[in-house]
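A note on names: the letters A, B, ... follow the listed sequences, proteins ahead of strands, and every chain is numbered from 1.
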Number of protein chains: 2
Amino acid sequence: MGSPYGLELVDNCVYCKLRTDSFFCGLPKESLDAFEKLKFTAAYPAGAVLFVEGQAPRGIYMLCKGRVKLSTTSADGKTLILKIVQPGEVLGLHATVSNTPYEITAETGQPCQLNFIKREDFLRFLQSHGDACLKAAQHLSRDCQSAYQQIRSLGLSHSAPERLARLLLEWSHGEGADEGGTRIKVALTHEEIAQIIGTSRETVTRTLADFRKKQIAVLKGSTLMIRNKPALERLVGA
Amino acid sequence: MGSPYGLELVDNCVYCKLRTDSFFCGLPKESLDAFEKLKFTAAYPAGAVLFVEGQAPRGIYMLCKGRVKLSTTSADGKTLILKIVQPGEVLGLHATVSNTPYEITAETGQPCQLNFIKREDFLRFLQSHGDACLKAAQHLSRDCQSAYQQIRSLGLSHSAPERLARLLLEWSHGEGADEGGTRIKVALTHEEIAQIIGTSRETVTRTLADFRKKQIAVLKGSTLMIRNKPALERLVGA
DNA sequence: TAGAAACTGTGACCCCGGTCACCCGGCGCT
DNA sequence: AGCGCCGGGTGACCGGGGTCACAGTTTCTA
């Protein structure tokens, strides 16, 4: 196989180190072996589209390496980003489980490795492995939660600075701070940030400039530096 | 038991007519009998609060009769309604499955009958009944879908008339039309409609007045009359 | 390494809709 | 009857932020 798109492939789920903290975490070896037999591993370049909203579900994708962008687009071309998916998560689960069209679009943001499992295979797998089915339910409930989060953010925090502040805080979650603040890597353009919080690119630029002026946070290149977390928390009204 | 709060109680799930088209639809009798043993049936008056966001999950509620309002509230008192739940649906599933706090608040909108199942009992039930677990996953995936719907509506349709139009269309789904339009019962105040589409009460009033003037739709009392569906569809840009 | 393409930064304009203020009509109370 | 309360209807105001336009900068690509 080599290293397509500059990726080192992981080729066995049983020994994958993600196993400890992700979807199949804690599954008995037996279930994992069954899973292993069904999967198709593939590598994708940056910018590849895995599925598009409206398509009939083909199956699930499990992300091993890279980042995937989940988004939805309106008839007039506006795009909203729902989530940036991290390795260990599963894509297309709801559509596959309920056999309804994918309602979101998944696009790789960088070279990625994914395992694909066909719909029928996956459903059969869930039916015969109760423990995996429970995991799937848990995964779905986490998806629901993050969706509800976003609904709160879009529906209740009407001002753009507030929503941006909320996003920055979310990113800073679980990151260590040194003197001078929290340093975070974000590989997103202003445009994409705008699409996450439902505003325009210009507003993101302006608001970030404002945050910089007020010494709250500085985004330079792909490094975000949070200098005054309490100020952010005050902005979101918590 | 009699008829508390003016309700005729349904007391056996096996013979409940909801069975054909809701959560436990198609479950084998055996699973249903097991379910039957775990449930606690209770009746609630209008305005009762079943659970509040932030509480640790106690278990799931399955709605037999009545309507339940799911909402979330921000620190500064603004409320957003996520969903009006119909009989046959299950409440509190994600919190219970993933053992995280309820992230929404559930309040009865009218006298209701619900079956409650304790968290541990329910989880054990799912573990031993793979078919029910799959149903639960399907239910969760439907919740996700409706959440994504709402995200689209809040994040992509920036104008209030557009969001209102989308809501009316959603309500008219699957309702029969006679000459003169589709007639729908809605037991919501303008205030509540505003909280669903994330706008202010005044804007709802004004927009409805506008729809009336343009012969698009008329809301009088609790009866909504949709006169010009294509116009609504044009408004949402479909 | 030039040129293109994508991204960032900023000013000007202006419209949507949030907010406040007030009135009206219906309904339950005492 | 009189009163309070809730829901609906409407005018006036004004500020946030969407949109357009363009300049400057960084990053791909040939």
Asker: In terms of the nearest nucleotide of DNA chain C, which residue is placed more toward the 5' end: A:H158 or A:R212?
Answerer: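 Taking each residue's closest nucleotide, the earlier one in sequence belongs to A:R212.
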Asker: Do A:R58 and A:Q55 have side-chain atoms, one donor and one acceptor, less than 3.5 Å apart?
Answerer: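 Side chains of A:R58 and A:Q55: pair found under 3.5 Å.
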Asker: Considering only C:dT10, C:dA21, C:dG18, which nucleotide approaches the side chain of B:E202 most closely?
Answerer: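 Between C:dT10, C:dA21, C:dG18, the one nearest the side chain of B:E202 would be C:dA21.
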Asker: B:K213 NZ to D:dT10 C1': how many Å, rounded?
Answerer: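 Value for this atom pair: 12 Å.
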Asker: Identify whether the distance between the nearest side-chain nitrogen and carboxylate oxygen of B:K83 and B:E89 falls below 4.0 Å.
Answerer: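 Yes, this pair counts.
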Asker: Any idea which of D:dG8, D:dC20, C:dT8 is nearest the A:R206 side chain?
Answerer: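 Closest nucleotide to the A:R206 side chain: D:dC20.
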Asker: Output the single nucleotide from C:dG18, D:dG18, C:dG17 whose closest atom is nearest the side chain of A:T203.
Answerer: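 Selected nucleotide: D:dG18.
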Asker: Does a salt bridge link B:E192 with B:K69, judged by any charged N lying under 4.0 Å from a carboxylate O?
Answerer: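 Answer for the salt bridge query: yes.
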Asker: Closer to the 5' end of DNA chain D via nearest nucleotide, is it A:T199 or B:L219?
Answerer: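 Its nearest nucleotide lies further toward 5', so the answer is B:L219.
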Asker: If you assign each of A:H190 and B:R163 to its closest nucleotide in DNA chain C, which residue comes earlier from the 5' end?
Answerer: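 The 5'-side residue here is A:H190.
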Asker: Which nucleotide in the set D:dG18, C:dG17, D:dG9 lies at the smallest distance from any side-chain heavy atom of B:R201?
Answerer: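 Nearest to the side-chain atoms of B:R201, counting from C-beta on, is D:dG9.
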Asker: Which one, C:dG18, D:dT19, D:dG17, comes nearest to the side chain of A:P161?
Answerer: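 The nucleotide sitting nearest to the side chain is D:dG17.
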Asker: Of the nucleotides C:dG9, D:dG17, C:dG17, which one has an atom closest to the side chain of B:A160?
Answerer: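 Nearest to the side chain of B:A160 among the choices is C:dG17.
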Asker: Let's go through A:V68 and A:L50 carefully: what are the C-alpha distance in whole Å and the side-chain angles of both, what is the deciding distance for side chain to side chain contact (heavy atoms under 4.5 Å, CB included) to 0.1 Å, and is it a yes or a no?
Answerer: CA-CA 9 Å; A:V68 173; A:L50 302 175; 4.2 Å; yes
